[in-house]
Amino acid sequence: MSETTGASYAAAGVDIEAGDRAVELMKEWVKKTKRPEVLGGLGGFAGLFDASALKRYERPLLASATDGVGTKVDLARRLGVYDTIGHDLVGMVVDDLVVCGAEPLFMTDYICVGKVHPERVAAIVKGIAEGCVLAGCALVGGETAEHPGLLGPDDFDVAGAGTGVVEYDQLLGADRIRTGDVVIAMASSGLHSNGYSLVRHVLFDRAKMKLEQQVEEFGRTLGEELLEPTKIYSLDCLALTRTTEVHGFSHVTGGGLANNLARVIPDHLHATVDRSTWAPGAVFDLVGTVGQVERLELEKTLNMGVGMIAIVPEGSVDVALTTLADRGVDAWVAGRITERGDRTTGAELTGDYAK
């Protein structure tokens, strides 16, 4: 009679011990994100946040957002650089929260891998934790899931969810925006985390460029430029709300500047943004030129150098620009709010970009 070996989880491709080691490696980074309201540490079944901290609010509203990083993770995998992609994840989530004026309180993450490489998972969490520190929020928990057979051994994806809070009477939105308000643009750090399917198609499939090749216009390799982390604006935006009057924000992500700005403009008003007030970075020109991508197609796919918009009354412009400059944020007056009239969209870009 022949002997047979019983099936096991490890034989099916799931390494529980590797997962446990990944948790141990990431603990030091998660600790750096702890806020005083956070109870306990990693290892529980749920992250705990002391809601009594919200008692100082008259009518606290909880805000929630979730997002991922998209196909940018493929570039991280190909380059073997895993400690920046977490910045992108945090930026995508917390800067959605702050659009309504909410302070990000905490995040959770979800990392899905084909095979757990403990050091790799810990590097991803390191980036998420560093992003949380920049956003002022805590990383209270997460999940690492191993999916052998569905993902290759080196494949992975990341997603996250965040919760914030805003006082009811300080909630920002379309109802606050008025004719005569000023549109202030805040510079992006590059592509951020949107449009990478187009970017990859143009630069790799069509132009046959290599991640390791030097690009003179960037002053670094193509891979380094494409992995530049998403800028996180949440604390900068909150600083604005505390120093001057702000009527709204718009996080410029998928869909581009005009489409995202239109989301916060009331039906009877219109935002006009003047392209001549800034020059998009070299990476946007490269994608457009190499791929022969029409300007309107670029603008509805990429942020074109603007990652966040603040809408403020005329009297708040000087204080807003000074506050942002003091915080190291490159910002400028980019447009105005007017009556919509017979225009069919809430926002448009006019003129030509500066050189």
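FYI, the numbering just counts along the sequence from 1. What you see is a predicted model; the values in this text were computed from it and never measured.
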Checklist entry - Would you say His87 and Ile128 make side-chain contact, with heavy atoms under 4.5 Å? => result no
Checklist entry - So which heavy atom on Val182 is nearest to which on Val333, and how close? => result CG1-CG1, 3.6 Å
Checklist entry - So, does Thr289 use its side chain to make a donor-acceptor pair with the main chain of Leu286 at under 3.5 Å? => result no
Checklist entry - What do the steps show when you test Val264 against Ile311 for side-chain contact (heavy atoms from CB on, under 4.5 Å), and what is the final call? => result CA-CA 10 Å; Val264 299; Ile311 302 172; 4.1 Å; yes
Checklist entry - Distance-only, no hydrogens or angles: does the Trp278 side chain make a donor-acceptor pair with backbone N or O of Ala331 under 3.5 Å? => result no
Item to check | Spacing of NE2 belonging to His201 relative to OG1 belonging to Thr71, to within rounding of 0.5 Å | outcome: 12.5 Å
Checklist entry - Is Asp155 paired with Arg77 through a side-chain N to carboxylate O contact shorter than 4.0 Å? => result yes
Next on the checklist: Under 4.5 Å between side-chain heavy atoms, counting indirect links through other Ile/Leu/Val/Met/Phe/Trp/Tyr residues: same cluster for Met92 and Phe106 or not?
Outcome noted: no
Checklist entry - Does the side chain of Thr338 come within less than 4.5 Å of Leu269's, by heavy atoms? => result no
Next on the checklist: Could you walk me through whether Val183 and Ile337 satisfy the side-chain contact (heavy atoms from CB on, under 4.5 Å) test, starting with their C-alpha distance in whole Å, then the side-chain angles of each, then the deciding distance to 0.1 Å, before giving a yes or no?
Outcome noted: CA-CA 7 Å; Val183 175; Ile337 305 297; 3.9 Å; yes
Next on the checklist: Let's go through Val90 and Met107 carefully: what are the C-alpha distance in whole Å and the side-chain angles of both, what is the deciding distance for side-chain contact (heavy atoms from CB on, under 4.5 Å) to 0.1 Å, and is it a yes or a no?
Outcome noted: CA-CA 8 Å; Val90 175; Met107 274 192 66; 3.9 Å; yes
Item to check | Heavy-atom side-chain contact between Asp67 and Asp96 under 4.5 Å | outcome: yes
Checklist entry - Does any non-hydrogen side-chain atom of Glu228 lie less than 4.5 Å from one of Leu191? => result no
Checklist outcome for this item: Closest non-hydrogen contact found for Arg340 with Pro266 is NH2-O, 3.2 Å
Checklist entry - Taking the side chain from Thr144 and the backbone from Ile111, do they hold a donor-acceptor pair closer than 3.5 Å? => result no
Checklist entry - Are more than 12 heavy atoms from other residues, nucleotides or ligands located less than 6.0 Å from atom CG of Asp326? => result yes
Next on the checklist: So, taking the atom named CG in Leu211 and the one named CG in Leu227, what distance separates them when rounded to the nearest 0.5 Å?
Outcome noted: 8.0 Å
Item to check | Under 3.5 Å: donor-acceptor pair, side chain of Asn260, backbone of Gly254 | outcome: yes
Checklist entry - Is there a side-chain contact between Asp95 and Phe249 (heavy atoms, below 4.5 Å)? => result no
Next on the checklist: Less than 3.5 Å apart, any donor N or O on the side chain of Asn303 or Ser188 sitting next to an acceptor on the other?
Outcome noted: yes
Checklist entry - Out of curiosity, does Ile85 fall in the hydrophobic cluster containing Val93 (side-chain heavy atoms, cut-off under 4.5 Å, transitive links)? => result yes
Next on the checklist: Regarding Thr230 and Ser193, do their side chains bring together a donor and an acceptor under 3.5 Å, going by distance alone?
Outcome noted: yes
Checklist entry - Just by distance, do the side chain of Glu146 and the backbone of Val116 share a donor-acceptor pair under 3.5 Å? => result yes
Next on the checklist: For the backbone of Thr244 and the side chain of Ser316, can you confirm whether one donor and one acceptor N or O come within less than 3.5 Å of each other?
Outcome noted: no
Checklist entry - Do the side chains of Val283 and Val252 join up, straight or via other hydrophobic residues, at under 4.5 Å, putting them in one cluster? => result yes
Checklist entry - Is there a donor-acceptor pair under 3.5 Å between the side chain of Asp181 and the backbone N or O of Ile177? => result no
Next on the checklist: Please find the pair of heavy atoms, one from Cys237 and one from Val98, that lie closest to each other, and give the distance.
Outcome noted: CB-CG2, 3.7 Å
Item to check | Considering all heavy atoms, the nearest Gly164-Ala102 contact | outcome: C-CB, 4.2 Å
Checklist outcome for this item: Per side chain to side chain contact (heavy atoms under 4.5 Å, CB included), Tyr196 is matched among Leu302, Leu75, Thr301 by Leu75
Checklist entry - Are Leu62 and Phe49 co-members of a hydrophobic cluster defined by side-chain heavy atoms under 4.5 Å apart? => result yes
Next on the checklist: Any side-chain to backbone donor/acceptor pair from Arg178 onto Asp175? Under 3.5 Å, distance only.
Outcome noted: yes
Next on the checklist: Applying the side chain to side chain contact (heavy atoms under 4.5 Å, CB included) criterion to Met186, which one of Asp330, Leu240, Val306 satisfies it?
Outcome noted: Leu240
Checklist entry - Hey, is Asp352 close enough to Arg275 for a salt bridge, meaning N to O under 4.0 Å? => result no
Checklist entry - With a cut-off of under 6.0 Å to the ring centre and 45° to the axis, is Lys231 in cation-pi contact with Tyr233? => result yes
Checklist entry - Are Glu245 and His247 close enough that a side-chain donor and a side-chain acceptor fall under 3.5 Å? => result yes
Checklist entry - If we only count heavy atoms from C-beta on, is the Val165 to Pro104 side-chain gap below 4.5 Å? => result no
Next on the checklist: Among Gln213, Glu212, Gln214, Lys210, which residue satisfies the side chain to side chain contact (heavy atoms under 4.5 Å, CB included) criterion with Thr221?
Outcome noted: Gln214
Checklist entry - CZ of Arg295: more than 12 outside heavy atoms within 6.0 angstrom? => result yes
Next on the checklist: Can you confirm whether Leu97 sits close enough to Glu103 that some side-chain heavy atom of one is under 4.5 Å from a side-chain heavy atom of the other?
Outcome noted: no
Checklist entry - If you draw a 6.0 Å radius around CD in Glu339, do more than 12 non-hydrogen atoms from other residues or ligands fall strictly inside? => result yes
Next on the checklist: Between Arg200 (side chain only) and Ser197 (backbone N and O only), is there a donor and an acceptor less than 3.5 Å apart?
Outcome noted: no
Item to check | SG-CG distance between Cys112 and Asp157, expressed to the nearest 0.5 angstrom | outcome: 7.0 Å
Item to check | Gly131 to Ile232 - nearest heavy-atom pair and separation | outcome: O-CD1, 3.6 Å
Next on the checklist: Quick one: does any side-chain atom of His192 pair with a main-chain N or O of Gly91 as donor and acceptor, under 3.5 Å?
Outcome noted: no
Checklist entry - Taking atom CZ of Arg120 and atom CD1 of Ile124, what is their separation to the nearest 0.5 Å? => result 7.5 Å
Item to check | CG-CZ distance between Leu171 and Arg59, expressed to the nearest 0.5 angstrom | outcome: 9.5 Å
Next on the checklist: What verdict does the side-chain hydrogen bond (donor to acceptor under 3.5 Å, both in side chains) test give for His270 and Glu348, after you've listed the backbone C-alpha separation in whole Å, the side-chain angles of each residue and the deciding distance to 0.1 Å?
Outcome noted: CA-CA 8 Å; His270 180 79; Glu348 66 177 333; 3.1 Å; yes
Checklist entry - What closest approach, in Å, do Cys137 and Val94 show between heavy atoms, and which atom pair accounts for it? => result SG-CG1, 4.1 Å
Checklist entry - Can you list the steps and then say if Phe204 with Leu222 is a side-chain contact (heavy atoms from CB on, under 4.5 Å)? => result CA-CA 11 Å; Phe204 305 139; Leu222 177 63; 3.7 Å; yes
Checklist entry - Just how far is it from atom NE2 of His251 to atom SG of Cys100, taken to the nearest 0.5 Å? => result 13.0 Å
Next on the checklist: I'd like to know if Leu203 and Val81 are part of one continuous hydrophobic network [Ile/Leu/Val/Met/Phe/Trp/Tyr, side-chain heavy atoms within less than 4.5 Å].
Outcome noted: yes
Checklist entry - Does any non-hydrogen side-chain atom of Tyr82 lie less than 4.5 Å from one of Glu119? => result no
